[in-house]
Each structure stands twice: as C-alpha cells, then as structure tokens.
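Predicted model, so just to flag it, every value in this text is computed and none were measured.
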2 protein chains.
Amino acid sequence: MTAPALQSWQSVQAEVMRRINERVWLPGAIIPNEAELAAEFGCARATVNRALRDLAEKGLLDRRRKAGTRVTVNPVRKAILDIPITRHEVERRGAVYRHALIEQQRTSPPPVVAGWLNLAPDTEMLHQRALHLADSQPFLYEDRWINIAEAPQILDVDFDTISANEWLVQNVGFTKGDLTLSAANADPVEAELLATQEGAALFVVDRTTWNGAAPITQVRLAYAPGFRMQTTI
Amino acid sequence: MTAPALQSWQSVQAEVMRRINERVWLPGAIIPNEAELAAEFGCARATVNRALRDLAEKGLLDRRRKAGTRVTVNPVRKAILDIPITRHEVERRGAVYRHALIEQQRTSPPPVVAGWLNLAPDTEMLHQRALHLADSQPFLYEDRWINIAEAPQILDVDFDTISANEWLVQNVGFTKGDLTLSAANADPVEAELLATQEGAALFVVDRTTWNGAAPITQVRLAYAPGFRMQTTI
DNA sequence: CAGGTTAATATGTGCAGACATAATATTAAT
DNA sequence: ATTAATATTATGTCTGCACATATTAACCTG
C-alpha cells in the first residue's frame, strides 16, 4: 500500500523530523536521497529539497553533495535572537518609553574602542551616554560611539525627539554587525543611573555595526537588573 | 540597454540589498513585484522569490500577499545563537574539557520547576548538579532536572563517561525549547564552585526542552565570570 | 452611505525537467 | 604502487508553468 501523499514541504519536513525524533533514522545515519524520498512521499524532488535544506539550516541534518544527507550526531541547535530597537522592546512590555541623553561630545575614542573599530585613535567621533526608561524606571544604560564620517547628518539630529539607536536604524543601516552578550557587576555610575546597587549583576550587550568595511557605531548596553532575554530553540 | 542578467538567487539578493542599503528603495517604500524584478534581472520569478523570501526572513523586507513587498522601516535584525553541547564549546576554545558530577538524586522538584514543566509537584525526577571544567578551571555550573518518564535509560548512564547534557542531546532529542538569558550575582555555593567571589556577575542561561507536550529537562547554566557569548547580526 | 459580495492581484508553493557543482569512486597511465 | 584522468552520484539551483491563498480594491445593494 502507498501512504497518503505528502505534497507540501512542511508536511515532508514534519515527517522527516518525526523519523529523526523517533529514531527511525539514527544519528549519524545516512538517509535516502532526495529522489527516493520524493518517490516515497509522492511529491517532486524540489519539495523534498526545500524541506531538507531547511532542516540542514536548523542544524538537524548534514548535507554534502555526492556524499548524501545524514542525521546530525550532535545537533548544534540554533536560537534566533530578535534585536529590536529599544523603544519597541520597552513598548512590547506594555510600558511607556522615554529616553534621556546624559552626555554628548565630539571627541576621540579610547584606544580599545578605536581598535575594535579599526579607526585611527585620533579620529573624532560622537560619544553619547543615554538612559532608556520604561514607565519612568531605568531600563537600559547606553554608552555609544558613532563614526561621524559614516553618518554626518547625525550632528543635526534632535536627540530629545529620537534616540540615536532609532535614528541610526532608520537612516544609516548596516551590512554586518558583531554582538557579544555578557554579565558585569554595576560600577558606581551605572548603579546610580540604573537605580540599583554597586555590584549588581547587569546583563550587557556589546554591539558593533559596519557598513561594508566602514564602522558605523559601537555601543555597550547595560540592562537594569531583572532583565531577561527570551527566545526559543 | 539591458543590464547583465542576474541569474543566481544570491546575485539577485545582493542587488536588492544594495538598493536597500543605498536607499534606492527607501524604508517603508513598496518595491517592484516579483514578476517585474524577474523581467528586469532576466531570471525566473522563482529565483527572485527565493532571494526576497530569504531577506524577509532576515527582517529586511516585509511581504504580504496582494499588498506587495516593502522595505522594513525598523528592521528587527536577527542574530543566530549556536547552542552547542558544553564539551564542544570548551574544546572550541582550545581547552581540555572535563566534567564533574557534584550531586545526583531522585526527588520531586520545587514547585517553581514543576510549574515550568507542567508536572505534578510530586513527580519523581532526576536532579543533578554538575561542574564543567576547561583546562581544570571551572567553566560552567549546571543545575538540571530531568523528567525520568521521558528518558528512563538515563538512570543507567555512567556520568563519569558522558555528561547529562551530551547524553540527552544524543539520545533523547526534543521538538522545542525555551531559552532565557540573564545575569545574576553568584550566591555562596556558586561562588565557591566557580572559584570566584560571592556577588560576582554570572551569565546565566535557563533552558527547558520538550518533546511534543512532554517536558524533557530543565537546566540552569551559570557561566564562570568572563564568559562572553558571541555572534553576528 | 454602510455593509457585504465579488473580482483582481501579489505572494506562496507545487511540478517536471534540465544543467551545475562538489565530492567520491573508478579506471588508466606512469 | 602511486598518481592522474575520468565517470558517477547526490545535492544545488534555474526555468517555465500552474494553481493556491491571502488581502485589497471595486462593486453592488439596500
């Protein structure tokens, strides 16, 4: 007898996932090739290809031309982190967003920052320290360096109306970025701004964005205690 | 004159990204439909579809049937976090991996954990506390609850040979999982195990995995100070 | 003019066939 | 026996076509 045809790539994918999960196909084992699966499922090879390609991207299958497709032995699962602008992050929590510029000046960055950005140490940049608030409570403290050469209009922006974060996302864009997540003890300045105690554990995000080879901005985000970043695997 | 044909979906995608990045197509603006782009680029509509669908997944385009395709105004960029097994994470850093089981017992979970897992509070589970080491230095402290009903063979595992983490990845698998990242101050026990001081800021990962509706395991990972999780946007 | 029905349209996805490409296996040559 | 050339194979992707589906726009109808 023939099984009912699986003719959508999602249903093919679901069936393949079932076989992986229920150990019909063991980790490390090679699975039938696309043509065979297409014949079994009663669909076109392109449909099987779409299903398997997607599973390979998710890390559940290893695929190599000629060698075939295998079930990954130690699947490196992938979690997708959304990186929204801070205002949306606050508003999604149902809170009223506000931001306050603490300090802004044109100056050259410390050697460490210049090094990260591949810029000469004496390059004049825009340095900003700002606080993002949720329902008037400190939410996030931001320490940002902006490469003026790549975003000259930033000098005319009214930062009471829009945060640098949002302005940059809307007006400059970037082609690639680095993201580092870590934990740090609050220093005295951070503790006061975030209304917590010195030494409190802060969730910290360091982000550097580039437009081609040119650095756009480097920012350190220190979230107020209690912040949790959530996602699914 | 006609431009040279872009006949691979990557080259179409590159051209579309260029137009977004260089503001040929402004944020919020509608872009030509797939058929028009296919005609312009000299390729099939399916090729354009593949390129645009991928950009929509990355958050750079908004697509809706009939309404067309628009450049996202506030792109929610997505970062992909790899979740490898801890041994591989240590070995990728060039260190020698070792793990030590601190404590293991069959007992019922605290109400909080039972609640997360949707299990009756009196369900007997396997509770483990373990330390993962990199070059004999504490790397990660793990506090794990395992649902015995979903992984009965776990009771026969020799945890000197393999960590629960690795055994579960290889032998049970899961269909979905929740992941929460946060920062916490080290309590006295954690401080001693991780060879640091009480109150040190620790990077903490809470992970719960499910097989369909059945919970598999809930684990809290507290990384030793200095740990940084890195990725690209 | 309000509200519901119908038509139009852009994306989503399926199919069959073809060729490209990478990697392996086989064969031939030295 | 070792190395180089060649054949084989599974995945990767393009084409052209078709139909499905979601959503908007247009059209009635009272």
Side-chain angles (χ1 to χ4, degrees), chain A residues 2-17 19-20 24-73 75, chain B residues 2-17 19-20 24-73 75-76 78:
Chain A
T2 311
L6 302 178
Q7 286 176 342
S8 81
W9 71 268
Q10 286 100 333
S11 63
V12 170
Q13 187 174 78
E15 172 61 15
V16 170
M17 283 176 71
R19 293 187 188 183
I20 295 171
V24 178
W25 293 331
L26 295 171
I30 199 162
I31 75 172
N33 69 38
E34 293 185 350
E36 289 164 358
L37 289 176
E40 183 193 345
F41 294 147
C43 66
R45 187 171 77 88
T47 307
V48 174
N49 179 276
R50 170 98 191 248
L52 298 188
R53 177 163 42 80
D54 200 63
L55 286 176
E57 277 169 17
K58 288 177 180 155
L60 266 69
L61 292 175
D62 285 328
R63 320 194 75 198
R64 268 167 50 225
R65 281 173 171 160
K66 162 80 181 177
T69 301
R70 296 176 173 278
V71 179
T72 304
V73 179
Chain B
T2 311
L6 302 178
Q7 285 177 342
S8 82
W9 70 268
Q10 287 99 333
S11 63
V12 169
Q13 186 173 77
E15 171 61 14
V16 170
M17 283 176 71
R19 294 186 188 184
I20 294 171
V24 178
W25 293 332
L26 294 172
I30 199 161
I31 75 173
N33 68 37
E34 294 185 349
E36 289 165 357
L37 288 176
E40 183 192 345
F41 294 147
C43 65
R45 187 170 77 88
T47 306
V48 174
N49 180 276
R50 171 93 192 254
L52 299 188
R53 177 163 43 79
D54 200 63
L55 286 177
E57 276 169 19
K58 288 177 181 156
L60 266 69
L61 293 176
D62 283 329
R63 320 195 74 199
R64 269 165 52 224
R65 282 172 173 162
K66 163 80 181 176
T69 300
R70 296 177 173 277
V71 180
T72 304
V73 179
V76 177
K78 289 161 199 314

Handout entry: Nucleotides bounding contact with chain B, strand DNA chain D, heavy-atom threshold 4.0 Å
Key = D/dT13 to D/dT24

Problem - Along DNA chain C (nearest heavy atom to each residue), the more 5'-positioned of A/A44 and B/I31 - result: B/I31

Exercise for the section: Output yes when B/E34 and B/R53 qualify as a salt bridge under the 4.0 Å nitrogen-oxygen rule, no when they do not. Expected result: no

Exercise for the section: Name the nucleic acid region contacted by B/A46, choosing base, sugar-phosphate or nothing; use a 4.0 angstrom heavy-atom cut-off, strictly under. Expected result: base

Handout entry: Where A/W9 and A/A51 come nearest, the two heavy atoms and their spacing
Key = O-CB, 3.6 Å

Problem - Phosphate-side-chain proximity, A/Q7 and C/dT13, N/O vs OP1/OP2 below 4.0 Å - result: no

Problem - Distance, rounded to the nearest Å, where B/R45 contributes CZ and C/dG14 contributes P - result: 13 Å

Practice task
Carefully, step by step, assess A/V48 and A/V16 under the rule side chain to side chain contact (heavy atoms under 4.5 Å, CB included).
Solution key: CA-CA 10 Å; A/V48 174; A/V16 170; over 6 Å; no

Handout entry: B/G28 backbone acceptor or donor facing B/R70 side chain under 3.5 Å
Key = yes

Exercise for the section: May I ask you to say what A/E36 touches in the nucleic acid, namely base, sugar-phosphate or nothing, with a heavy-atom cut-off under 4.0 Å? Expected result: nothing

Exercise for the section: Specify the separation, in whole Å, of atom CZ of A/R50 and atom C1' of C/dT13. Expected result: 8 Å

Exercise for the section: Apply side chain to side chain contact (heavy atoms under 4.5 Å, CB included) to the pair A/E36 and A/N33, showing each step before the final yes or no. Expected result: CA-CA 5 Å; A/E36 289 164 358; A/N33 69 38; 3.5 Å; yes

Practice task
State, yes or no, whether a side-chain contact exists between B/Q13 and B/K58 at a heavy-atom distance under 4.5 Å.
Solution key: yes

Practice task
Starting at CE of B/M17, measure out to CD of B/Q10 and round the result to the nearest 0.5 Å.
Solution key: 12.0 Å

Exercise for the section: May I ask you to evaluate whether B/N49 reaches the phosphate of C/dT11, defined as a side-chain N or O under 4.0 Å from OP1 or OP2? Expected result: no

Handout entry: Option from A/L26, A/V24, A/I31, A/D62 for which side-chain contact (heavy atoms from CB on, under 4.5 Å) with A/V71 holds
Key = A/I31

Fill in the blank from the handout: Ordered by number, residues from residues 52-70 of chain A within less than 4.0 Å of DNA chain C (heavy atoms) are A/R64, A/R65, A/K66

